[in-house]
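First up is the structure itself, then whatever we jot down about it.
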Amino acid sequence: MEHIRMPKVENVWLVDRSSSRRTQVGTLYLTATHTIFVGKGSENRNELWVLHSLVCNVVKHKASQSGYPLLIHCKNFQVIQFIIPQESDCHDVYISLSRLSRPEKYEELYCFSFNPNADKAEREHSWDFLDMKAEYSRMGLPNKQWHVTPINREYRVCDTYPSDLFVPKSVTLPVIVGSSKFRSRGRFPTLSYYCKENHATICRSSQPLSGFSARCLEDEQMLQAIMKSNPGSRFMYVVDTRPKLNAMANRAAGKGYENEDNYCNIKFQFIGIENIHVMRNSLQKLIEVSALRSPTMREFLLGLENSDWLRHIKSIMEAGIFISKAVAEEGVSVLVHCSDGWDRTAQVCSVASVLLDPYYRTLKGLMVLIEKDWVSFGHKFSHRCGHLDGEDKEVSPVIDQFLECVWQFMDQFPCSFEYNEKFLISIHNHVYSCHYGNFICNSQKERKDLCIKEKTHSIWPHLWENKLDFMNPLYKPDQSQNQRLLRPSTAPFCFKYWRRLYNRFDRELHPRQSELDCLMTIKEETQQLEEELAVYEQKLAVLGKERAKTLYMQKGLLDGKQQTLWSLPLDASLVNTPQDYIGGFIGAAPNVFTLQQGERESAEISLLGDKPKCSDADNSDQESGVADFSSHSSGEESLPSEDSVKDPDSDETGPNKA
Amino acid sequence: MELSEHIKTANVEDVTLRRPFHPALRGTLCVTSHHLLFSDRKDEDSWQLLILLRNIDATEKRAVGSSGTITIKCKDLLVLQLEIPGMEECLNIASSIEALSALESVTEMYPFFYRPSHLTLHGPWGLSSTEKYYKQTERLWDRWRVSTVNSDYSVCPSYPHAVIVPREVDDEKLVQSARFRQGGRFPVLSYCHHRNGMVIMRSSQPLTGANRKRCKEDELLLQAVIDGSLLGYIIDLRSTQQAQQARMTGGGFESKSCYSHWKRIHRHHERGKVLQESLIKLVEACSDPSHSVDRWLSKLENSKWLSHVHSALSTAGLVVECVERDGHSVLVHGSEGTDSTLLVSSLAQLILDPASRTLTGFLGLLERDWIQAGHPFQQRCAHSAYSHARLKQECPSFLLLLDCVWQVWRQFPLALEFSEALLLRLAQEVYASNYGTFLCNNEQERCAAGVKENTHCLFQSLLSPDIEEQYLNPLYEPTDLAIWPSVHPQSLQLWTGLFLRWTEYAQNMEEAREEVWSIVKEHRERAGPDRTNNTPSTHCDTLTPFENLMDELTIL
């Protein structure tokens with residue numbers, strides 16, 4: 001609290017960047033966890049909540065006529081512009097926010113103060129939602145070839161690895177220790193994915209400390225053991241996900257890559273995925289493109305090209321495809337590493353897993369995969385997401401790229417994924433929000449030391465509760481295109497710009513009607529009707545005599561239902577929203593284009609995002625930590641407020657009834 | 001010369017056919033006056049591919065030893081390869097294809113020979129017309145009338161026999177106005193907005209010329225259009241500069257002093273050759289999957305196709321803004337008034353008018369605003385993206401319209417009654433068809449050729465109950481509101497269904513579409529009988545460009 005210089009500022013303007021007509025005035029509050037803007041006007045209560053942890057940076061702009069602009073860029077790509085009447089207020093808010101958004105200690109993060117209405121038992125239970133042991137046994141482990149080694153129980157061999165690790169049974173403890181000494185940060189080769197059908201595995205590690213000529217017998221034995229644990233193949237791939245040049249440069253620092261001559265039966269392969277700094281810059285350029293206000297098609301496409309973002313996505317995807325094919329089609333095991341084995345390696349292993357195993361294309365499967373390949377294997381969330389004030393050079397959109405790869409796959413295989421893109425966006429949001437403890441810290445050990453499980457809540461059960469929002473109605477688990485191995489195309493035109501993520505808060509850019517929501521409603525209704533039918537059939541059996549009557553009722557009921565359920569929970573008033581087709585022309589000739597009063601009001605009401613009117617038009621605002629005041633003050637249900645479960649009755653009050 | 005004289009080799013055995021995503025097939029190739037027929041001649045379950053020769057845009061020959069390969073590039077963007085044993089046969093086939101795919105005479109074209117058993121020739125032709133539209137639109141009756149001043153096509157050769165004009169303007173004035181407009185395309189009504197009675201008019205440019213000629217009757221006509229209200233908008237589909245330059249060649253624009261109640265807005269639209277080249281570049285970019293992402297994006301940008309989509313939708317949005325939000329009538333024209341004018345006015349109607357978003361309504365709109373309004377289909381669609389022939393009058397205006405409609409559908413997936421399949425079918429039919437609907441350049445030519453008497457109507461056949469369903473949107477939910485599309489570049493996408501039609505990508509989308517249908521069907525079964533329950537015929541071989549009905553073949 002000591003960082004808040006100015007808890008409340010009156011008469012602040014919230015500028016809607018897409019249309020100056022929608023700017024509104026209100027009060028700005030700074031709390032320990034949120035920036036809150038409350039719009040004036042009693043009827044149309046409108047609030048904006050922004051978590052401090054989501055704030056990426058705060059910028060003061062040159063004073064304008066109406067006051068002092070303050071621009072807030074969020075990590076979930078929301079951009080908020082306030083105009084504050086007094087310079088001193090603006091400065092105070094700026095200083096406070098700059099400090100609040102860059103916490104120095106973990107304890108300042110929101111997850112430590114976030115306290116939903118859940119008791120201790122529930123919280124502990126929430127951490128048991130995903131069970132890694134169960135996941136490995138789903139894969140078929142332990143088995144004759146692979147077992148858990150106790151060697152890292154106390155994180156002594158490798159402090160960034162999880163405590164439980166699978167290694168070949170034939171490998172002895174000294175071999176593991178020896179191998180770990182020969183690998184950057186002790187990240188020795190260990191199992192990431194096991195393919196039951198043909199015993200091929202994906203293993204992961206960091207780079208070997210080979211320098212120009214160093215060897216390590218134990219490391220060579222380790223790889224040999226991994227190769228041999230797959231009796232079906234005579235060799236294994238070692239995939240270095242770095243560009244060759246980078247890997248060679250590392251040799252000068254005593255690191256490097258495996259020499260094919262020293263290791264028996266390995267095939268060595270470079271896959272050039274650029275490093276975190278290149279990716280950070282690329283994303284920065286992409287964000288700049290996505291934030292352009294009415295660019296021309298040329299500016300947009302050239303900007304997209306120039307950002308190189310899709311090229312990087314493609315390179316990660318290609319690495320994943322290579323590995324998934326090696327495992328599924330050739331039956332060959334693969335060892336993947338980059339430099340430290342926690343960025344590109346995590347990306348590539350998890351991308352390959354999604355392609356290989358349909359389980360990871362289910363809701364729970366993706367949670368498990370992230371928990372396994374990212375959280376437990378020590379992806380440095382705190383550094384990469386910039387949770388704490390510190391080195392900006394460590395920040396990089398590594399897991400973002402994984403999520404985007406999955407999105408690109410979903411685009412190519414619309415029937416193969418149980419979840420929809422809202423699920424990915426939600427995960428993306430929470431990776432940055434620090435709302436839950438899952439993505440705090442840089443390793444399992446750190447989380448244990450911080451007692452994350454005791455002090456914070458887990459995101460997964462929360463997402464699971466709202467799974468109806470995240471379901472893909474087109475999902476067909478038994479479908480032909482959903483063979484075990486997905487074979488995505490890497491033709492350049494298959495790579496799309498992910499508008500839903502990068503322009504998430506620019507409502508006017510998105511389709512006004514949602515095919516998925518509509519299908520989901522239809523599916524739910526079908527199910528409901530089926531259940532009702534079953535009930536009636538039961539009754540029929542019992543009340544044989546009154547048969548005719550029952551049938552009559554049933555029909556009446558169905559007909560009544562149809563009306564309400566087919567009309568969708570859409571913000572139909574948005575349908576009627578003119579776009580800016582002429583750029584400023586209207587403003588220039590105001591007496592020509594006078595809106596009729598009624599129309600203008602209705603337009604504004606719908607555009608100001610009034611949640612009370614169209615209850616499930618869009619949950620995304622809430623997801624950002626922007627929540628409804630009422631639900632917060634009523635306290636208990638304020639639990640992440642996002643993704644509030646749909647209330648089917650609310651449809652009837654929706655504006656499209658009007 | 002008889003068509004059959006072009007055929008030196010009618011049959012070749014042992015031909016190998018290669019097509020995307022299918023194993024190569026061996027079989028017999030057969031050339032007829034209008035078709036290329038490949039049959040794999042297996043006893044049971046024989047598979048046939050029937051391609052309308054008109055659909056072939058370009059062929060490439062290559063000799064491999066004693067045999068030859070012909071690559072066939074179709075106007076619907078399919079690319080096939082035929083390996084033909086025997087160089088002579090190969091050359092004969094290629095030259096037959098070249099001659100027969102580019103027939104000039106309309107009455108020699110296939111629609112004049114297409115006689116399927118389930119259709120009869122002497123039924124009603126078409127869905128909509130000026131008169132029908134007038135009859136349906138009560139709002140018009142008071143102030144507007146149907147004029148038959150053009151009944152012999154002498155006032156404007158490219159207009160239909162009947163047009164809707166203000167009641168107070170008599171035919172003599174129309175004749176005068178027509179003389180003052182390029183090609184005689186005087187301002188006529190295209191659409192009357194159901195909410196406020198405002199109208200969308202279209203015409204060609206006025207022939208003011210360098211010395212600023214005036215035409216009293218033209219001015220009166222436009223004055224009568226806005227009748228009392230203070231203001232109308234002229235959306236000129238050329239840049240100010242282009243409009244100025246047009247005066248040097250006898251064209252021009254409506255000056256403020258002469259049309260005081262009309263405000264002119266200029267919006268630049270590309271037309272003709274530029275659009276055609278844009279299509280060619282886009283298709284070229286789509287045909288090479290080995291490009292890097294960067295190269296693809298720069299080629300996509302360089303083709304400018306999406307920019308054209310962007311400007312068409314923006315200008316249509318502008319028209320809608322004038323009509324719906326601000327309550328003013330609009331006159332749309334470019335120079336000739338046969339391309340972008342029609343594009344913008346029909347898109348605006350789709351956005352404004354719920355009636356034009358139904359299957360019948362949309363086809364009716366196309367019929368009135370494109371076919372009867374004199375879009376020169378024969379000239380514009382003579383060639384598609386693969387042809388190396390020198391460009392003459394080719395221009396994919398209609399394809400651009402379909403793309404824009406697709407973009408609207410992407411943004412409002414529930415608002416249109418018809419499906420993407422309809423747009424794809426139209427994109428194909430407009431270049432090569434069994435039906436007479438898109439033949440000729442205007443009504444006058446169609447009358448002279450006897451199109452109505454001697455061919456079948458595509459639109460009517462699309463509505464026949466057994467195939468209609470595949471052209472319906474299962475999620476259709478009518479809305480009375482205007483559907484304003486977003487025109488931000490982030491919101492516009494490449495129409496993968498068309499441009500990547502023959503790739504794996506499109507195949508997965510097809511599967512998704514089927515799944516949508518099955519979800520909806522299941523629901524309808526449960527929810528009761530008030531929704532139709534036909535099974536869709538989506539399983540027909542997607543490769544067969546047209547209904548594969550063997551009995552329709554006129555084999556020589």
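Chain letters run A, B, ... following the sequence lines, proteins first, then strands; residues in each count from 1. These numbers come from a predicted model, not from an experiment.
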Between A:Gln412 and B:Asn508 the two heavy atoms that sit nearest each other are O-ND2, 3.0 Å
Note: A:Pro473 and B:Ile519 closest approach over all heavy atoms is O-CD1, 3.2 Å
Heavy-atom nearest pair, A:Cys494 first then B:Tyr505, reads SG-CD1, 3.9 Å
Of the listed B:Gly317, B:Ser518, B:Ala415, B:Gly327, the one with the largest count of heavy-atom pairs under 4.5 Å with chain A is B:Gly317
Does the pair A:Glu515 and B:Leu475 meet the rule for a side chain to side chain contact (heavy atoms under 4.5 Å, CB included), with working shown?
CA-CA 8 Å; A:Glu515 206 171 351; B:Leu475 305 177; 3.3 Å; yes
Whatever's closer than 4.5 Å to a heavy atom in chain B on A:Arg499 counts as side chain
Rounded to the nearest 0.5 angstrom, the CD-CG distance for B:Gln490 and A:Leu509 is 5.0 Å
Separation between CD (B:Glu515) and OH (A:Tyr475), nearest 0.5 Å, reads 12.0 Å
dist B:Glu525:CD -> A:Thr526:OG1 (nearest 0.5 Å) comes out at 9.5 Å
Counting heavy-atom pairs under 4.5 angstrom with chain A, the leader among B:Glu301, B:Gln411, B:Glu504 is B:Glu301
Most heavy-atom pairs under 4.5 Å with chain A, out of B:Val516, B:Leu300, B:Leu494, belong to B:Val516
Between the OG atom in A:Ser294 and the NE2 atom in B:His310, the distance rounded to the nearest 0.5 Å is 8.0 Å
In terms of heavy-atom pairs under 4.5 Å with chain A, the winner among B:Ser311, B:Ala316, B:Ser307 is B:Ser307
On a heavy-atom basis, the closest approach of A:Pro492 and B:Pro289 is CD-O, 3.0 Å
Output for pair (A:Leu302 CG, B:Asp294 CG), nearest 0.5 Å, gives 11.0 Å
Shortest non-hydrogen pair, B:Ala512 vs A:Cys415, comes out as CA-SG, 3.6 Å
Review point. Just by modelled atom types, is the B:Leu414 backbone N or O under 3.5 Å from a matching donor or acceptor in the A:Gln513 side chain?
Key: yes
Which of A:Gln528, A:Glu530, A:Gln527 passes side-chain hydrogen bond (donor to acceptor under 3.5 Å, both in side chains) with B:Arg526? Answer is A:Glu530
Whatever's closer than 4.5 Å to a heavy atom in chain B on A:Ile313 counts as neither
Chain B shares the most heavy-atom pairs under 4.5 Å, among A:Arg298, A:Arg311, A:Lys496, with A:Arg298
Turns out that what part of B:Asn302 lies under 4.5 Å from chain A's heavy atoms comes down to neither
Ranked by heavy-atom pairs below 4.5 Å to chain A, first place among B:Ile351, B:Val320, B:Leu500 goes to B:Leu500
The side chain to side chain donor-acceptor pair (under 3.5 Å) partners of B:His193 (sequence neighbours excluded) come to B:Tyr191, B:Glu324
Fill in: 4.5 Å side-chain heavy-atom contact, A:Pro414 and B:Glu511
no
If one checks every heavy atom of A:Asn306 against chain B at 4.5 Å, the contacting part turns out to be neither
Bottom line for A:Tyr497: the part with an atom under 4.5 Å from chain B's heavy atoms is side chain
Check your understanding: A:Pro511 versus B:Arg410: any side-chain heavy-atom pair under 4.5 Å?
Key -> no
Checklist entry - Does a donor on one side chain sit under 3.5 Å from an acceptor on the other, for B:His523 and A:Glu525? => result yes
Heavy atoms of B:Ser486 and A:Glu508 approach each other most closely as CB-O, 3.3 Å
Counting heavy-atom pairs under 4.5 Å with chain B, the top scorer among A:Asp411, A:Thr490, A:Leu292 is A:Asp411
Rounded to the nearest 0.5 angstrom, the CG-CZ distance for B:Leu297 and A:Phe300 is 9.0 Å
